2 protein chains.
Amino acid sequence: MNLNDSAIVGQLGAEARRRLSAAAEERNFRRGEALFHQGEPLKGLFILLAGRVKLSQVGPDGHETIMRLVAPGDAFAAVAAFSHARSYPVSALAMTDVTLAFWPRRTAQRLVSELPELAGLLTEEISRHAQVFQQRLREVSTERVSQRLARTLLRLAGQASRPHDAGTLIDFPLTRQDLAGLAGTTLFTVSRLLSAWSDRGILQVGRARVIIRSAPDLLMEAGGDDSPAS
Amino acid sequence: MNLNDSAIVGQLGAEARRRLSAAAEERNFRRGEALFHQGEPLKGLFILLAGRVKLSQVGPDGHETIMRLVAPGDAFAAVAAFSHARSYPVSALAMTDVTLAFWPRRTAQRLVSELPELAGLLTEEISRHAQVFQQRLREVSTERVSQRLARTLLRLAGQASRPHDAGTLIDFPLTRQDLAGLAGTTLFTVSRLLSAWSDRGILQVGRARVIIRSAPDLLMEAGGDDSPAS
DNA sequence: CGAATATTTGATAGCGTTCAAGGTACGTGG
DNA sequence: CCACGTACCTTGAACGCTATCAAATATTCG
């Protein structure tokens, strides 16, 4: 994927786009490598060009919570572009081999301050994520695991999916453990639920693979509409 | 409280401050009134001048999750100032009689686009809240209620507290139900925990009142340091 | 003082975690 | 291409944290 194909960059004017491109560095990581760790000082701003990246926080007890799955074209670590933040709140792990565009922190800050267009788009993005966090926070506080897992799958399908057989393949390599980290539960409970839904024909599951065969039934399991209110 | 005493406004230059003030409208609400409801179209941007406001989301089952408690000087509904968002993700309720500065959406958008200074500060604010949401999301996903409640109390003390007797009074009128909505549990569990901690001399509790007598012990209960990593 | 709101406490049940054990798929090197 | 090691997945059994429900008590305010 080219930098200009990114949703963020695509909305910029020609001049801003050129300045961004000129300042970008290309970075590569192998599957399993960490791009940065939570608590580490901010390095800079990324846009993912190819592969999949996982942003997560692990607690003192070792339990991992996945904050975001990054697909090509997405920007992340935008916090580095806005001034006073100190260190990364999450760790970033390459789920596959990845290639990224990278801007060191100072460069990113300069670009953001000189290109209000860019600043606006990044702010919208941060704001959108904040809303998703709020919704997930409500869900994990008040709903049961099956609902949360169902909605997690639907959300993933909405974000990155491909048609496959008689269903929709979720286009991330997600283990049961990963799904647990997204839904706020354990891999055991995830395994049980996926098996049950597979038996009922709602899903087709495999190793690090989920295919949704009946989105309506899943929505049922999630307990109705996705939006907090309509 | 005067608009210029707000943390956000205080950091602005004289010119920006003047333009903000000139465009501000004053609004008043009585205790118990809703400023807006989740799902409603965005009205505009607020800065709280006096009183206390609660931002929360309620699920279809009626369970409430409190996203933020607003103290005088804080801005909220900043999402209204940045373009494409559609509707409020939360409801805002006056916990006491309140007075606010208000900018209608169009005005707020214009101000933000013409005052990059203001845009930057609001973005930082949104970003900071997003990080808190991430942390709370991890906590509610992986920690037990007692830890979350302890950290909730510490967080509140850090945000708005007054010295009182031999302790720190949390300066919000919070019922057990409210604390439950913050920690992601039920009022019953909150009541039991507060009683236990009161017996142990860590807290002093009353109707809609909590005084922290031993912050270190509370920190113990929370399971150590607040930051995700250091 | 009375009504409304808030709180406490007990009893019960269940959802989901934890721990254990075995099975299955994958990829890598011989 | 096969064998092996590693990573991932499934299933069972038991426990316990926390929600739920019920009922009584306490506090505030008009």
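We name chains A, B, ... by the order of the sequence lines, and we start the count at 1 in each one. What you are looking at is a predicted structure, and each value in this text was computed from that prediction instead of being measured.
Looking at heavy-atom distances under 4.0 Å, B:Arg144 makes contact with sugar-phosphate atoms alone, never a base. Contacts of A:Arg176 with the nucleic acid, taken as non-hydrogen atoms under 4.0 Å apart, involve only primed sugar atoms and P, OP1 or OP2. Within the 4.0 angstrom heavy-atom criterion, base atoms lie near A:Thr189.
When atom types are taken as modelled, the side chain of A:Ser195 and the backbone of A:Ser191 share a donor-acceptor pair closer than 3.5 angstrom. Proximity of a side-chain donor or acceptor of A:Glu125 to a complementary backbone N or O of A:Ala78 within less than 3.5 Å is not detected. B:Ser91 places a side-chain N or O within 3.5 Å of a backbone atom of B:Gln38 that can act as its donor or acceptor partner.
To the nearest 0.5 Å, the span separating OG1 on A:Thr65 from CG on A:Leu55 amounts to 13.0 Å. Residue A:Thr96 holds its OG1 atom at 11.5 Å from CZ of A:Arg30, rounded to the nearest 0.5 Å. Rounding to the nearest 0.5 angstrom, the gap separating the CG atom in B:Leu35 from the CZ atom in B:Phe102 is 10.0 Å.
Residue pairs meeting the salt bridge (charged side-chain N to carboxylate O under 4.0 Å, His left out) criterion with at least one partner in residues 50-68 of chain B, sequence neighbours excluded, are B:Arg52-B:Asp171, B:Lys54-B:Glu64, B:Lys54-B:Asp178.
End-to-end axis angle for the helix from C:dC1-D:dG30 to C:dG30-D:dC1, using five pairs per end and rounding to 10°, comes out at 50°.
Checked against A:Phe46 for a side chain to side chain contact (heavy atoms under 4.5 Å, CB included), the options A:Leu100, A:Val70, A:Val53, A:Val98 give a single hit: A:Leu100.
If you check D:dT20, D:dC8, D:dT27 against the side chain of B:His63, the one that comes closest is D:dT20.
Mapping A:Val145 and B:Gly206 onto DNA chain C by nearest heavy atom places B:Gly206 at the nucleotide closer to the 5' end. Between A:Ser141 and A:Ala208, the one whose closest nucleotide on DNA chain D sits nearer the 5' end is A:Ala208.
Whole-Å rounding puts the A:Arg192 CZ to D:dG12 P distance at 8 Å. Rounded to whole angstrom, the span from the CG atom of A:Leu179 across to the C1' atom of D:dC8 amounts to 13 Å. Rounded to an integer number of Å, the gap from B:Leu187 CG to D:dA26 C1' is 15 Å. When rounded to the nearest whole Å, the span between CZ of B:Phe188 and C1' of D:dC21 equals 7 Å.
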Please assess A:Glu221 against A:Arg151 for the test salt bridge (charged side-chain N to carboxylate O under 4.0 Å, His left out), listing each intermediate value before the final yes or no.
CA-CA 8 Å; A:Glu221 290 294 327; A:Arg151 197 157 302 144; over 6 Å; no
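Nucleotides of DNA chain C that come within less than 4.0 Å of any heavy atom of chain A span, from the 5' end to the 3' end, C:dG16 to C:dC26.
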